[in-house]
Novice: 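Supplied in structure tokens, the structure appears directly below.
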Amino acid sequence: MSEPKRYTITAALPYANGPLHIGHLAGAYIAADIYARFLRLKGEDVIFVCGSDEHGAAITIKAKKENTTPREIVDKYHALIRSSFERFGIAFDIYHRTTEPVHYETSQDFFRILNDKKAFEVKESEQYYDEDAKQFLADRYITGTCPKCGNENAYGDQCERCGSTLSPTELINPKSTISGNKPVLKRTKHWFLKLNEYQEEIAKWLDTKKDTWKAHVFGQCKSWLDAGLQPRAMTRDLDWGIPVPPEFEGAKGKVLYVWLDAPIGYISATKQLFKEIEATKFDFAYSNNFSNRIKNRKADDWKDYWQSKDTQLVHFIGKDNIVFHCITFPAILKATGEFILPENVPANEFMNLEGDKISTSRNWAVWLHEYLDEFPGREDELRYVLLANMPENRDSEFTWQDFQNRVNNELGNNLGNYIKRVVDLTYRFYSGYVPTKISADDVLYFQKQASPVKYIEIFDAISETKKKVAELIKIFRFKEAMQQIMELSSLGNRFLQENEPWKLIKTDPEVVELIMYTSLQITANLSMLLKPFLPRTAERIEHMLNIKKENWYEGNILLASGTKINESEILFPKIEDEQVQQQLDKLNKSKMDNTTAGNDATENKPQISDLKPEITFDDFSKLDIRTGKILEAEKVEKADKLLKLLVDVGFERRTIVSGIAEHFKPEEIIGKDVSVIVNLAPRKLKGIESKGMILMAEDETGKLYFVQASGVNAGSVIR
RNA sequence: GGCGGGAUAGCUCAGGUGGUUAGAGCGCAGGAUUCAUAACCCUGAGGUCCGGGGUUCAAUUCCCCGUCCCGCUACCA
């Protein structure tokens with residue numbers, strides 16, 4: 001591919017139901033920020049967009065629980081996330097949000113375009129509707145007799161006895177599992193993206209990415225394509241989201257699928273960005289971060305960044321978002337016929353914390369806003385450690401011990417100390433003035449000397465490092481790029497050590513000038529190289545050296561002779577053992593608070609759970625709920641979520657299958673008091689008949705709790 | 001369960017389209033030095049490259065089987 005004319009960089013939209021943690025940063029934002037800063041430094045035409053993803057269920061659930069509105073929840077977290085990014089130094093051009101009018105319009109327009117382009121198939125299906133419950137029934141809410149094998153307890157999507165795939169309307173004698181009534185067929189519409197029709201195009205396009213995309217990204221896409229793409233519903237019967245455009249028949253009560261709306265957020269953020277640029281009124285945009293090339297542009301210019309063939313689009317995401325960014329969203333973009341597809345999607349894997357998966361629900365995380373408060377002015381240290389351990393090709397691990405080691409040794413002892421050495425020596429020898437520039441004569445002179453000053457090699461190394469770093473960034477190998485920079489710093493240390501200017505100053509002051517001149521150029525080049533990686537540090541070095549470089553400079557001489565530099569400062573004070581201990585104590589506390597181990601609640605957006613319709617007392621009294629005690633528990637074969645329980649419900653012992661295996665280990669729940677619905681119709685799960693249901697409470701994070709009546713014998717009635 | 005990715009030094013990670021001694025940083029041991037944040041520099045010890053089979057003159061690398069970790073997906077009434 002020829003050099004692109006401009007770049008559009010996106011970073012995954014954080015979900016506005018919680019704060020940011022180090023996993024987010026290591027997964028997408030640091031890499032994206034380095035990439036964007038580097039391109040800006042090179043003077044490229046680049047935009048870097050992001051924003052809060054504010055639709056979806058976790059938000060309404062949280063709102064209900066906190067007795068507030070979804071709006072307040074998203075306002076709160078949007079503000080927290082935005083300010084955390086700002087303080088940390090992720091240099092977006094714009095940080096937008098999906099509840100903004102621009103985004104509603106853009107998303108709805110997309111919906112219209114997709115419709116015009118016949119990318120949808122409207123399944124105006126006859127969907128079963130429960131008149132009592134006043135709601136449409138998803139496949140699993142319907143049971144009936146299997147037309148193929150006669151099993152009376154087949155489900156709307158599948159018969160578990162004969163294994164056939166069914167649709168609800170094929171069932172004989174369908175029954176709503178909510179009310180037990182016979183549901184009626186009612187017409188409802190859903191808009192399905194005909195992904196299957198884009199199979200070939202997407203496959204062909206992806207095939208061209210084989211060599212440039214990461215193995216895990218390409219592999220995952222390939223596996224989806226091999227399985228065959230299926231139409232996917234792009235609408236939902238929900239109430240928090242972007243409404244299906246009202247002119248569509250049957251739009252009422254339907255919203256866009258959150259995964260349709262979210263990536264369009266990249267585009268609406270871009271629109272908003274150029275709107276604000278034209279109006280020179282910056283509500284969401286950060287004009288200080290702008291690449292020179294986007295200043296003074298017009299509102300309509302957003303199109304260049306999404307529709308122009310010579311634009312390179314790159315999505316930075318975590319590995320959990322691969323399929324949507326590499327298949328579904330590209331299919332959507334393709335379907336419009338107007339948009340470009342991503343050049344690369346350099347998804348990172350996950351970062352673990354102290355040996356465990358990062359988990360919001362278990363409070364097992366290093367929260368960015370807390371770090372910023374507890375380690376003020378030390379943003380780059382975190383940036384560095386997350387970068388050094390960035391999970392580029394496999395999962396990685398963050399530990400506080402490693403944080404301390406890396407900050408103290410690599411940043412402090414190698415880099416920070418080196419800069420300070422050079423600056424201090426410059427003050428000692430030359431009162432802070434950069435020594436004489438080497439002339440051609442000097443070069444000859446020193447070349448003839450058999451002195452150990454191998455300064456030419458140093459300048460070669462600087463050039464080489466700059467070249468390598470630039471290349472590595474372009475192929476998204478940020479970790480390695482950073483290592484190259486650290487090696488240059490190491491080389492600087494070695495150069496001083498080998499030449500010992502503090503000794504030579506007494507005997508060969510001219511040689512010392514050369515040594516120091518060379519060393520100062522190394523530090524100046526380090527500051528430039530560090531700009532994309534450790535921007536705050538780069539600024540502080542620039543301040544020490546009294547230089548200001550806005551643009552990448554290919555040459556090696558960045559610091560003119562005679563420049564008066566500023567006095568040294570300590571760039572990276574040591575991280576003390578107590579600070580590490582404090583953080584470990586904090587994590588330990590989280591661990592203690594989690595008395596129920598192994599809660600791996602998914603932090604993805606769960607399906608919305610609407611308030612259920614009112615029922616009568618009669619309805620309620622149909623339920624027979626009793627206390628019980630778990631006697632035995634074991635994992636169900638070939639099912640990750642199911643536990644087979646033997647429960648004493650007073651009058652008998654029952655086998656109950658419950659979907660709690662990801663939350664509880666079998667051995668730790670034996671003897672637990674539980675509440676059981678004992679008159680629920682038996683149902684087979686993975687071949688085991690389950691007679692009844694264990695009641696569980698679920699908090700907003702997805703964590704489960706047993707509903708327990710303490711001190712009561714098994715078999716007591718709950719009413 | 002299906003699919004994808006991974007497993008390399010005590011720790012955190014690179015790398016290898018098959019070919020003498022598999023790398024880095026940290027940690028550890030020894031030495032040198034004193035300009036600098038007790039920093040820097042040099043030297044050294046340390047690895048059946050997850051296990052088992054196969055292909056090959058040759059496997060850590062390719063193929064098959066297995067184990068464990070992560071993601072997607074199915075199972076959650």
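Because the structure is predicted, anything quoted here is derived from the model rather than measured. A note on names: the letters A, B, ... follow the listed sequences, proteins ahead of strands, and every chain is numbered from 1.
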Novice: Considering only side-chain heavy atoms of A:M693, which listed nucleotide, B:A77, B:U73, B:C41, is closest?
Specialist: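 Closest of the options to the side chain of A:M693: B:A77.
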Novice: Hydrogens and angles aside, do A:D577 and A:Q404 bring a side-chain donor and acceptor to less than 3.5 Å of each other?
Specialist: yes
Novice: Do A:N413 and A:N417 have a side chain donor and acceptor closer than 3.5 Å?
Specialist: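 The answer is no; no qualifying pair exists.
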Novice: May I ask you to check if A:K209 and A:F218 form a cation-pi contact, with NZ or CZ under 6.0 angstrom from the six-membered ring centre and within 45° of the axis?
Specialist: no
Novice: Give a yes/no on whether any side-chain N or O of A:N409 is located under 4.0 angstrom from OP1 or OP2 of B:U37.
Specialist: no
Novice: Apply the syn/anti split at 90° from 0 to B:G46 and say which one it is.
Specialist: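 For B:G46, whose glycosidic angle is within 90° of 0, the conformation is syn.
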Novice: In whole angstrom, give the distance that lies between atom CG of A:N499 and atom P of B:A32.
Specialist: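 Roughly 21 Å, once rounded to whole Å.
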Novice: Round to a whole Å and report the spacing from OH of A:Y418 to C1' of B:G25.
Specialist: 19 Å
Novice: Between A:P573 and A:S489, which is nearer to the 5' end of RNA chain B once each is assigned its nearest nucleotide?
Specialist: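 Its nucleotide being nearer the 5' end, the pick is A:P573.
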Novice: What's the closest nucleotide to the A:D424 side chain, out of B:C26, B:C35, B:C72?
Specialist: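 The nucleotide sitting nearest to the side chain is B:C35.
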Novice: In whole Å, what separates the P atom of B:C50 from that of B:G31?
Specialist: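 Pairwise P distance, B:C50 against B:G31, rounds to 37 Å.
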Novice: Taking the side chain from A:E354 and the backbone from A:W400, do they hold a donor-acceptor pair closer than 3.5 Å?
Specialist: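 Yes; at least one donor-acceptor contact below 3.5 Å.
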Novice: When you measure from the side chain of A:K503, which nucleotide among B:C41, B:U33, B:A77 comes out closest?
Specialist: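 Comparing B:C41, B:U33, B:A77 against the side chain of A:K503, the answer is B:U33.
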Novice: Taking the same atom, C1', in B:A38 and in B:U17, what whole-Å distance lies between them?
Specialist: 48 Å
Novice: Quick one: does A:W259's side chain have a donor or acceptor within less than 3.5 Å of a partner on A:F324's backbone?
Specialist: no
Novice: How far does the C1' atom of B:G5 sit from the matching atom of B:U20, given to the nearest Å?
Specialist: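 Taking atom C1' in both B:G5 and B:U20, they lie 33 Å apart.
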Novice: In whole angstrom, give me the gap between the C1' atoms of B:U8 and B:G47.
Specialist: 8 Å
Novice: Looking only at N and O atoms, is any donor in the side chain of A:N417 or the base of B:A36 less than 3.5 Å from an acceptor on the other one?
Specialist: yes
Novice: Ignoring hydrogens and geometry beyond distance, is the side chain of A:Q497 in donor-acceptor contact with the base of B:C40 at under 3.5 Å?
Specialist: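 Answer is yes: a donor-acceptor pair is held.
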Novice: Taking atom C1' of B:A77 as reference, at what distance in whole Å does atom CD1 of A:I656 sit?
Specialist: 12 Å
Novice: With sugar-phosphate meaning primed atoms plus P, OP1 and OP2, does A:I570 contact a base, only sugar-phosphate, or nothing at under 4.0 Å between heavy atoms?
Specialist: base
Novice: Checking all strands, does A:I677 fall into the base, sugar-phosphate, or nothing category for heavy-atom contacts under 4.0 angstrom?
Specialist: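 Answer is nothing: A:I677 stays at 4.0 Å or more from every strand.
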Novice: Using the C1' atoms only, state how far B:C40 lies from B:U33, rounded to an integer number of Å.
Specialist: 8 Å
Novice: Could you spell out the base pairing of RNA chain B as a dot-bracket line? Use Watson-Crick and G-U wobble contacts where both distances are under 3.5 Å, [ ] for crossing pairs, | for partners on a different strand.
Specialist: (((((((..((((.....[...)))).((((.........)))).....(((((..]....))))))))))))....
Novice: Closest approach to the side chain of A:R477, judged atom by atom: which nucleotide of B:C40, B:G15, B:C70 is it?
Specialist: B:G15
Novice: With P as the reference atom in both, quote the distance from B:A39 to B:C26 in angstrom, rounded to an integer.
Specialist: 12 Å
Novice: Can you check the distance between B:C65 and B:A77, where both ends of the measurement are the P atom (answer in whole Å)?
Specialist: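 Pairwise P distance, B:C65 against B:A77, rounds to 34 Å.
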Novice: Among B:C40, B:G71, B:G25, which nucleotide has an atom closest to any side-chain atom of A:E410?
Specialist: B:G25
Novice: Distance alone, cut at 3.5 Å: any donor-acceptor contact between the side chains of A:N389 and A:K479?
Specialist: no
Novice: Rounded to the Å, how far apart are A:N493 CG and B:C40 P?
Specialist: 7 Å
Novice: The side chain of A:L425 lies closest to which of these nucleotides: B:C70, B:C40, B:C35?
Specialist: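 Taking heavy atoms from C-beta onward, the closest nucleotide is B:C35.
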Novice: Could you run through nucleotides 4-13 of chain B and give me one letter per nucleotide, 5' to 3': B if any protein heavy atom sits under 4.0 Å from the base, S if only the sugar-phosphate is that close, - if neither?
Specialist: SSSSB---SS
Novice: Let's test your reading of the model: under 3.5 Å, does the base of B:C41 pair with the side chain of A:R494 as donor and acceptor?
Specialist: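 Donor-acceptor pair under 3.5 Å: no.
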Novice: Could you check how far CD of A:E569 sits from C1' of B:U37, rounded to whole Å?
Specialist: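 A:E569 atom CD is separated from B:U37 atom C1' by 13 Å.
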Novice: Indicate the atoms forming the closest heavy-atom contact of A:I575 with A:N408, along with that distance.
Specialist: N-OD1, 2.7 Å
Novice: I need the minimum non-hydrogen distance between A:K357 and A:N352, along with the two atoms involved.
Specialist: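 That closest heavy-atom pairing would be CA-OD1, 3.6 Å.
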Novice: With no hydrogens and no angle check, is any side-chain donor or acceptor of A:N493 less than 3.5 Å from a backbone partner on A:Y418?
Specialist: no
Novice: Using the side-chain heavy atoms of A:L642, tell me which of these nucleotides is nearest: B:U33, B:C75, B:C26.
Specialist: B:C75
Novice: For B:G15 versus B:A9, give the span between their C1' atoms, rounded off to a whole number of Å.
Specialist: 14 Å
Novice: Got a donor-acceptor contact below 3.5 angstrom from the A:D508 side chain to the A:L504 backbone?
Specialist: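 Between the backbone of A:L504 and the side chain of A:D508 there is no qualifying donor-acceptor contact (under 3.5 Å).
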Novice: What is the distance from CG of A:N348 to P of B:C70, rounded to the nearest Å?
Specialist: 18 Å
Novice: Grab the CZ-P distance between A:F572 and B:A39 for me, whole Å please.
Specialist: 16 Å
Novice: I need the minimum non-hydrogen distance between A:R421 and A:Q497, along with the two atoms involved.
Specialist: NH2-OE1, 3.1 Å
Novice: Any luck finding a side-chain donor-acceptor pair between A:Y427 and A:E567 under 3.5 Å?
Specialist: no
Novice: How many whole angstroms separate atom CG of A:L411 from atom C1' of B:C40?
Specialist: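 Rounding to the nearest Å, CG of A:L411 and C1' of B:C40 are 16 Å apart.
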Novice: Give a yes/no on whether any side-chain N or O of A:K574 is located under 4.0 angstrom from OP1 or OP2 of B:U37.
Specialist: no
